[in-house]
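None of the values given here were measured: they were computed from a predicted structure. In what follows, every chain begins at residue 1, and chains take the letters A, B, ... in the order their sequences are listed. Basis for what follows: all heavy atoms, side chains included, without hydrogens, waters or symmetry-related copies.
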Number of protein chains: 4
Amino acid sequence: MTETDETSPARRSIGATRNPASQDAILAAAEAVLLENGLGGFSIEAVARRARAGKPTIYRWWPSQAALLFDVYHNRKRINFIHPDTGNVRDDLRAYLSGLLQTWREGGSGEVFRSLVAKAQGEPAALAALSAYMAERREQSGRIIEKAQARGEVRADVPPTLVPELLSSFAWGRLLTERLEVSDAEIDAVVDAVLSGIKP
Amino acid sequence: MTETDETSPARRSIGATRNPASQDAILAAAEAVLLENGLGGFSIEAVARRARAGKPTIYRWWPSQAALLFDVYHNRKRINFIHPDTGNVRDDLRAYLSGLLQTWREGGSGEVFRSLVAKAQGEPAALAALSAYMAERREQSGRIIEKAQARGEVRADVPPTLVPELLSSFAWGRLLTERLEVSDAEIDAVVDAVLSGIKP
Amino acid sequence: MTETDETSPARRSIGATRNPASQDAILAAAEAVLLENGLGGFSIEAVARRARAGKPTIYRWWPSQAALLFDVYHNRKRINFIHPDTGNVRDDLRAYLSGLLQTWREGGSGEVFRSLVAKAQGEPAALAALSAYMAERREQSGRIIEKAQARGEVRADVPPTLVPELLSSFAWGRLLTERLEVSDAEIDAVVDAVLSGIKP
Amino acid sequence: MTETDETSPARRSIGATRNPASQDAILAAAEAVLLENGLGGFSIEAVARRARAGKPTIYRWWPSQAALLFDVYHNRKRINFIHPDTGNVRDDLRAYLSGLLQTWREGGSGEVFRSLVAKAQGEPAALAALSAYMAERREQSGRIIEKAQARGEVRADVPPTLVPELLSSFAWGRLLTERLEVSDAEIDAVVDAVLSGIKP
DNA sequence: TACTAAGCGAGACGGTACGTCCCGTCTTGTC
DNA sequence: GACAAGACGGGACGTACCGTCTCGCTTAGTA
């Protein structure tokens, strides 16, 4: 009935240095608490209980709930963001968008990110970090467009980050209104709208 | 120093029926608390204090913080959503997007909506309400595309709600990462990308 | 599952005069609420719900919870206080004490009185009323001693109310510590102590 | 105007162990609130405010208002219960009774105990604790009678706790009806009634 | 080899807010 | 003018977390 893992033998300090076992246990507990109880049931207390960790240990390394969620999201090895390079901008963008949606649909990643975005709205520092992270992601994904421009597939005057922002904003909108189930046809429609426009 | 309006003569019950004065005072107080203290400082207690209302009076009519924020957002008369009809799809979409961003930039509307989206992530019922509201808004804004399709400006096979969703998602993304200052050139770039595509 | 008696057809006013049916319903509901939920669950709200009465109707006629409990205790027809007159002071006192304890043991009278004493401790007006009531009761019961003095069974210098006070205080003590089960032998011991003393 | 003692420097936790300073402050505040505002104005909230303590700190150590009042009553160093041993049962009992009444008359002890008895009527656990405490007190005071029996001053068949119960019940009755001012003559009359009886 | 310094689990602390229950008052519309 | 009904401002309830603190411990690195 207890939330703590009773088999584990209560970690101790390993000296005047950060204990990686504690760090891992806290991140794992944070993820578990969030996925089991939802954002409303997520609290530092609950994470500490679950991880058999002291609250100060958490506060020592993460300044806020949002910072903790940020690390939970980041440390998921499952998150292999796709930087596709098929040599074809249409396929690249389809892979980018469907990969993003797929990642969020699987294994609770979307729930974690959704919660992170929500928590960040109440913590300016966390929001700044999130914004910076998103800017970097846009920059990375902008490579898709830059390569396409080099190949002559995309007009040279298009800002490279604009298209990734449109697609990832679309994904955010779906994530935050719980409509992540997007069909391939819809993905095509979105990508085609951005690529070829909606004019006849 | 006190938060309450000391000049007002302390509302009373007006019988076994809802008191509109209380309702108004609560909504006004909720908006004021949110804008002054931010989402982190927003609480039912603070709203009740500010409105000189009892907490049960608030809980009687709004089941959650998100529901209250929803009403605050809705009851703002300033929110005149633009349903532009210039006879030209490009101008319509530019007016739609810039109107949305402008509305959120002014008078705290954006802060309210941002907070509502965040709070809704932790309250399934509120999230469902928000999703339904957004669906309705997409439907309304889809008229822009339907009219353009009737005029032959937009391909007939484009789902009418797709474009409003792309544009409003773009606006959400900016709102939630505090980058609402969008230049006319950026708006044009977004609208043109969707209209004409990014291909040469 | 509801507490209200749904079969009864919601009494109405009978004009500009007190409605005895409401009064009865309120007293009955008060007793029922107290006996079912204990003193901790006793409230004017609960009584009003149960009696299908408006709260103002209760407050119109009883100034406080203690006043209501006082009436509940009084209006119990079952309370036939014994003013025994066996012609023998020992039997009179035994009947008096055992009658008091018996009354409290039966049908919730003790629970009501216990609650009344407790509530009165926080309401000076109610405590004054209770004290006056107890003084009158002592006076009445003092007749037992006065008659015994007239018969020469009791010393003339004994204040007549002293013995009833000793016995009723003993009963209060038992009531307030939930030890109302007193054997006849104990009653005899108490009465004999007061009558003949404990000296050899 | 504030209730809190502004000179004190805001206690902190002293680690994972109970802070005696907090405990003392809470007991002192509880006593002060009760004596200043009466039982009706006594609340955990008020005690917490007065003691500059958090409500959870109070609830951590005392399960209920009655439990807190119990400790307030107990921890009064002024309560020096008299276990008189004059070698004379009459003087012992007079000292016992007058000591009890005197204690309750002084410094608010009576008010505290009166409130404790009242609160306990609504909390079964507290009432059980109070009953057990009273039983122990009767046992202790019964020594007076046991010694007197050993000296031959009291009949051997008298239950030793009976007389203390009669006297303390008399005192309870006076306490709970606010008639603690008992003259020496009345005390003598009560003690003599129990000692020698009321028969001629 | 002893000492220092920092990390650790633990949990109490002063607080704030939660969502609920009840207080006593008020007003409405019916009788 | 009494009645059922129920909303009102307000206050207290008992609980969950917040972020901070001190404790007693364990160990790594320094002296």
> Looking at the base of dG9(F), is there any donor atom on it, or on the side chain of Lys55(B), that sits under 3.5 Å from an acceptor on the other one?
no
> Can you check side-chain contact (heavy atoms from CB on, under 4.5 Å) on Val72(C) and Leu34(C), steps first, answer last?
CA-CA 10 Å; Val72(C) 170; Leu34(C) 181 64; 5.9 Å; no
> For Trp62(D) and dC13(F), give me the distance from atom CH2 to atom P, rounded to whole Å.
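Checked: the CH2 to P distance equals 15 Å.
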> CD of Glu31(A) to CD of Glu36(A): how many Å apart, nearest 0.5 Å?
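One gets 10.0 Å once the value is rounded to the nearest 0.5 Å.
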> Atom CZ of Arg52(A) and atom CD1 of Ile26(A): how far apart are they, to the nearest 0.5 Å?
13.5 Å
> Could you give the OH-to-P distance, from Tyr59(D) to dC13(E), as a whole number of Å?
16 Å
> So, taking the atom named CG in Leu68(A) and the one named CD in Gln65(A), what distance separates them when rounded to the nearest 0.5 Å?
8.0 Å
> Report the distance from atom CZ of Phe42(A) to atom P of dA16(F), rounded to the nearest whole Å.
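Answer to the nearest Å: 18 Å.
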> Please test Lys55(B) against Val47(B) for side-chain contact (heavy atoms from CB on, under 4.5 Å), starting from the C-alpha separation and ending with a verdict.
CA-CA 9 Å; Lys55(B) 274 198 292 177; Val47(B) 173; over 6 Å; no
> Nearest 0.5 Å, please: how far is CG in Leu116(A) from OH in Tyr73(A)?
8.5 Å
> Among dG11(E), dA12(E), dG24(E), which is the nearest nucleotide to the side chain of Pro56(A)?
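My answer, after comparing the listed nucleotides, is dG11(E).
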> Note the angle between the end axes of the helix from dT1(E)-dA31(F) to dC31(E)-dG1(F), five pairs defining each, rounded to 10 degrees.
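Inter-axis angle at the termini of the helix from dT1(E)-dA31(F) to dC31(E)-dG1(F): 10°.
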> Roughly how many Å is it from CG in Asp24(B) to P in dG9(F), rounded to a whole number?
12 Å
> Answer with base, sugar-phosphate or nothing: what part of the nucleic acid does Trp61(D) contact at a heavy-atom distance below 4.0 Å?
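Contact class for Trp61(D): sugar-phosphate only.
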> Under the ring-ring contact (aromatic ring centres under 6.0 Å, His included) definition, can you give me all pairs with a residue in residues 30-68 of chain B, not counting sequence neighbours?
none
> To the nearest angstrom, how far is Glu123(A) atom CD from dG19(F) atom P?
8 Å
> Under 4.0 Å, heavy atoms only, any strand: does Gln23(D) hit a base, just the sugar-phosphate, or nothing?
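Nothing, no heavy atom under 4.0 Å.
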> What's the spacing between Thr57(A) OG1 and Ile44(A) CD1 if we round to 0.5 Å?
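The OG1 atom of Thr57(A) sits 11.5 Å away from the CD1 atom of Ile44(A).
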> Report yes if at least one side-chain N or O of Arg52(B) is closer than 4.0 Å to OP1 or OP2 of dC8(F); otherwise report no.
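No.
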> Quick check for you: to the nearest 0.5 Å, what is the distance between Leu69(C) atom CG and His74(C) atom NE2?
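Leu69(C) atom CG to His74(C) atom NE2 measures 13.0 Å (nearest 0.5 Å).
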> For dG9(E) and Thr57(A) - does any side-chain N or O of the residue sit under 4.0 Å from the phosphate oxygens OP1/OP2?
yes
> Please report the distance, rounded to the nearest Å, between CZ in Arg50(C) and C1' in dA5(F).
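In whole Å, dA5(F) C1' lies 19 Å from Arg50(C) CZ.
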> Under 4.0 Å: is that the gap between some side-chain N or O of Gln65(B) and OP1 or OP2 of dC18(E)?
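It does, given that an N or O in the side chain of Gln65(B) lies less than 4.0 Å from OP1 or OP2 of dC18(E).
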> Any side-chain N or O of Ser22(D) less than 4.0 Å from the OP1 or OP2 oxygen of dG14(E)?
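Looking at the OP1 and OP2 atoms of dG14(E), one of them is under 4.0 Å from a side-chain N or O of Ser22(D).
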> If you define the side chain from C-beta out and look only at heavy atoms, does anything of Leu39(D) sit under 4.5 Å from Lys119(D)?
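SC-SC contact between Leu39(D) and Lys119(D) confirmed.
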> Return the 5'-most residue of the pair Gly54(B), Ile44(A) with respect to DNA chain F, ranking by each residue's nearest nucleotide.
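Looking at DNA chain F, the more 5' nearest nucleotide goes with Gly54(B).
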> Taking Gln121(A) for its side chain and Val117(A) for its backbone only, find out whether a donor-acceptor pair lies under 3.5 Å.
yes
> Between dC8(F) and Arg18(B), is there an OP1 or OP2 to side-chain N/O distance shorter than 4.0 Å?
no
> Please figure out whether Ser43(B) or Asn19(A) has its closest DNA chain E nucleotide nearer the 5' end.
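First, find each residue's nearest nucleotide; the 5'-ward one identifies Asn19(A).
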> Are Arg49(C) and dA5(F) close enough that a side-chain N or O sits under 4.0 Å from OP1 or OP2?
no
> CD1 of Ile58(A) versus P of dA10(E): gap in Å, rounded?
12 Å
> Rounded to whole Å, please give me the gap between CD in Glu45(B) and P in dC17(F).
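Answer to the nearest Å: 17 Å.
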> Using nucleotides 23-26 of chain F, report all nitrogen or oxygen pairs with the protein that are shorter than 3.5 Å.
from, atom 1, to, atom 2, distance (Å)
dT26(F), O2, Ser13(A), OG, 3.4

> Taking the side chain of Arg60(A) as its heavy atoms from C-beta onward, which of dG19(F), dG14(E), dG7(E) lies nearest to it?
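Nearest to the side-chain atoms of Arg60(A), counting from C-beta on, is dG7(E).
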